[in-house]
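Heavy atoms only: backbone and side chains are in, while hydrogens, waters and symmetry mates are out.
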2 protein chains.
Amino acid sequence: MPYFDAASTAPLHPLARQALLSALDEGWADPARLYRDGRRARMLLDAARETVAAELGARTDEVVFTTSGTQANQLAVLGALAGNHRNGRHLVHSAVEHSSVLHAAERHQADGGTAAAVPVDRQGRVRTGAFAEELRPGTALAALQSANHEVGTVQPVAEVAELCAERGVPLLVDAAQSLGPLGAPRGWSLLTASAHKWGGPAGVGVLAVRKGVRYRSPLPADDREAGRVPGHVNVPAVIAAAVALRAVRQEAAALNPVQHARIARLREALPGLVPDLAVLGPAEDRLPHLLTFSCLYVDGEALLGELDRAGFAVTSGSSCTSSTLTPSHVLAAMGVLTEGNIRVSLPADCADADLDRFLEVLPRAVAAVRSTLDAPSATPSTDELTLDTLGRRCPIPVIELAKHLGDVPVGGLIRVLSDDEAAGLDIPAWCEMRDQEYVGSEPAEGVGAVAYLIRRLS
Amino acid sequence: MPYFDAASTAPLHPLARQALLSALDEGWADPARLYRDGRRARMLLDAARETVAAELGARTDEVVFTTSGTQANQLAVLGALAGNHRNGRHLVHSAVEHSSVLHAAERHQADGGTAAAVPVDRQGRVRTGAFAEELRPGTALAALQSANHEVGTVQPVAEVAELCAERGVPLLVDAAQSLGPLGAPRGWSLLTASAHKWGGPAGVGVLAVRKGVRYRSPLPADDREAGRVPGHVNVPAVIAAAVALRAVRQEAAALNPVQHARIARLREALPGLVPDLAVLGPAEDRLPHLLTFSCLYVDGEALLGELDRAGFAVTSGSSCTSSTLTPSHVLAAMGVLTEGNIRVSLPADCADADLDRFLEVLPRAVAAVRSTLDAPSATPSTDELTLDTLGRRCPIPVIELAKHLGDVPVGGLIRVLSDDEAAGLDIPAWCEMRDQEYVGSEPAEGVGAVAYLIRRLS
């Protein structure tokens, strides 16, 4: 099965697998113990910490191992805010951070703190000026990911780090998606990462806190991992994670151009192969192995299903694929089309033949979903039209709009009534893709109902 | 190297090792994903949960996987207190709970809650009557381990569960040490355990919460593990943990009598082989594989070192082996001798030859340590004597006392000046072992200095 979801979890690096197996024999004992097997586990743990610290450009006593990237982000946000509370209780973060950062921010707000989400442009890149504005007195922590996990946009960490340094605000950089291919950025006060994203095993995250950055653990006391991560350390997994990181960092110089070329090929080919497909995220300053696109008039879950049946493992930020039926907060913050959304993230050993077949399969899969949804073609006109799509979910409102655009003359107005949150993103995005005028929205009758106004321009 | 520290971390069960290796191939994908590999990981995770739930006598939706037993205990304590806060903010726990429970209790107190530690008897068994007294109105949670991790005492969980049920107080049972050999006790409202204690891999704990027991996560939101444990689930490790648990539970009926016989052999032989050795913990109602003893006039760290050089991996609750230079809180709560303390916990495949050799090596190791410390023999007398051991650590104060007991006549008084916290436990324990009268203690001159008064009776 061609696995195109490396950004969710990368296949275990072959060297990490080897390291894990031998560490189950060599590093299985409790590293806190004073006997030989315990001392050996401690030495292996220390060596793993040195490896990871070297890759981060950190001191070994700045680096601890967590049990996941999510835990690392939660601890980093809450620990830095607690440590720095004398400076205030304001948190600034980009609107497109990983959900673990956003959830920690929600917890901080529930506990009486404040948080501001800095908007991003249509490429998903944080607006540096807007970030600067939010760094007001009382800001105890700023958080900016190194690169976005859904669309691959590399963030301006160096510029934001400079802004933060000028104002004495510590900066947390979530490097989960970029540490393997791009290495650690400069300028962080706290840095987090996740081993299974770089080819290490599950169960290992990294939290680095620069000496001098105030940090107070939000968890009960424990004497392991410098008092920052409670619980028995999973030494074999940590060893394997360190081996994987060193390996992928060494391989990155040769691999990145190959991955960029693979993604560029998809990026160029897809719009010509699939009508009404929008590639999301920038062409430059991006992760080498990741591409995201959305398809008009397509149900994301149905498209995932078609691709799965064809043997492709990908993921989606469409609302219909989330447990909460809301679209990805990243796509929402970018203001781009969320329906029929697909993220492709290639493993290092991606075969060209799999890319060929993906380009062959995707158009058929999209067409199959569109045919079941009765997606639009062309028909004649009346003057002003209201389309009632209340109670119907993404992508039906946009399909109805597109289907009936030709029912009004150029200059005519269509009102789409919808109570689906995704429509507020997808209808403006459709207008932009189709060069139609999105006039705006107004409340309509019914719980959560909104009328979206569209003027036909062509 | 004979590994006699299974209670710290048990060797990985051979079936768990096999399961881990195949799960790295079969269960590596993100179980939240909708494609085939993700669905397979989800199915394997579900199956592991069913296995563990069946062993606990729980429903599958009552069981989540944590990243360690420590995390499970922290979440159980803080989550149950938060969920049940309308009933009050009082926590009752035994004085000999695992440090993760005590540290969570400290955090609860720092946040304005109250906690009471119920005393134990000299065998380390909680006093049920005292537990009942502490269950006052406003008690939101009670916590009692199934069996003690340092001395092996099985606790009266059924009786305490009944007391709690009568008063409507949820009971957390930390079953980390007993789940493998003894299975899950009855009567729990919340139950925790740790896979690497039962022969599973590191990185997996268990938190079970009975339906109807109020629980509110103390951590930021996350949609994995029923919202109770944030972060990517380590599916391969969870699978291996479940396989190990099923295996050890099946093997327990045959293994437990063998382990009890091994421990009984040590228990009977040791006092005859090593002078001034006290076996701690009860002879009955105990874990089958664990024995703890203390040796007078011995430095615990030096004894660990002697045994390590002879090839034995054991651990100690003596103050000199802890980072804080305080003796084990368990031994302190029992009021027993903490110096020269050794815990032996046998793995399933313990060889008889290794036990033979341990019985041969230990007397020599103890004698070697005693000789370096100039431990006491006999000498004549004066009337009342003050021994200044200020600035000297365990076991020196007791060695000095024993060495100079003969310097006063029967009925004479010795004052030992000490600023070592362990002396407060070890001097009374020595008096009990030696049938001398411990008169009491009083403040002495100097920071933290105490005068301990001992009357010679024989």
Select, from [options], the one with the greatest count of heavy-atom pairs under 4.5 Å involving chain B.
| options | value |
| --- | --- |
| Ala221(A), Gly203(A), Ser68(A) | Ala221(A) |
| Leu24(A), Val235(A), Leu20(A) | Leu24(A) |
| Asn73(A), Val233(A), Asp25(A) | Asp25(A) |
| Thr70(A), Val77(A), Val229(A) | Thr70(A) |
| Pro218(A), Ser99(A), Ala237(A) | Pro218(A) |

Side-chain donor/acceptor of Arg33(B) to backbone N/O of Asp5(A), under 3.5 Å: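 No.
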
Exam field: side chain Arg36(B) to backbone Ala313(A), donor-acceptor pair closer than 3.5 Å: no

Rounded distance (nearest 0.5 Å) linking atom OH of Tyr3(B) with atom CG of Asp37(A):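 Rounded to the nearest 0.5 Å, the OH-CG separation comes to 7.5 Å.
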
To the nearest 0.5 Å, what is the distance between CG (Leu307(A)) and OH (Tyr35(B))?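 Rounded to the nearest 0.5 Å, the CG-OH separation comes to 12.5 Å.
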
Toward chain A, the part of [X] with a non-hydrogen atom under 4.5 Å:
| X | answer |
| --- | --- |
| Asn234(B) | both |
| Leu102(B) | neither |
| Val204(B) | neither |
| His108(B) | neither |

Taking [options] one by one, which has the highest count of heavy-atom pairs under 4.5 Å against chain A?
| options | answer |
| --- | --- |
| Ser194(B), Gly311(B), Pro220(B) | Pro220(B) |
| Glu106(B), His196(B), Gln71(B), Glu301(B) | His196(B) |
| Gly231(B), Ala105(B), Pro11(B) | Gly231(B) |
| Asp222(B), Thr315(B), Leu78(B), Thr66(B) | Thr315(B) |

Under a 4.5 Å heavy-atom cut-off, does chain B meet the side chain of [X], its backbone, both or neither?
| X | result |
| --- | --- |
| Leu34(A) | both |
| Asp223(A) | side chain |
| Arg309(A) | neither |
| Val314(A) | backbone |

Contact check, side chains of His232(B) and Thr67(A), non-hydrogen atoms, under 4.5 Å: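 His232(B) vs Thr67(A): side chains apart.
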
Is Met1(B) atom CE crowded by more than 12 heavy atoms from other residues, nucleotides or ligands, each under 6.0 Å away? yes

Between Arg39(A) and Asp308(B), what is the shortest heavy-atom contact and its length? NH1-OD2, 2.6 Å

Restricting to non-hydrogen atoms, name the atom on Ala29(B) and the atom on Thr9(A) that form the minimum distance, rounded to 0.1 Å.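 Result for this residue pair: CA-CG2, 4.0 Å.
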
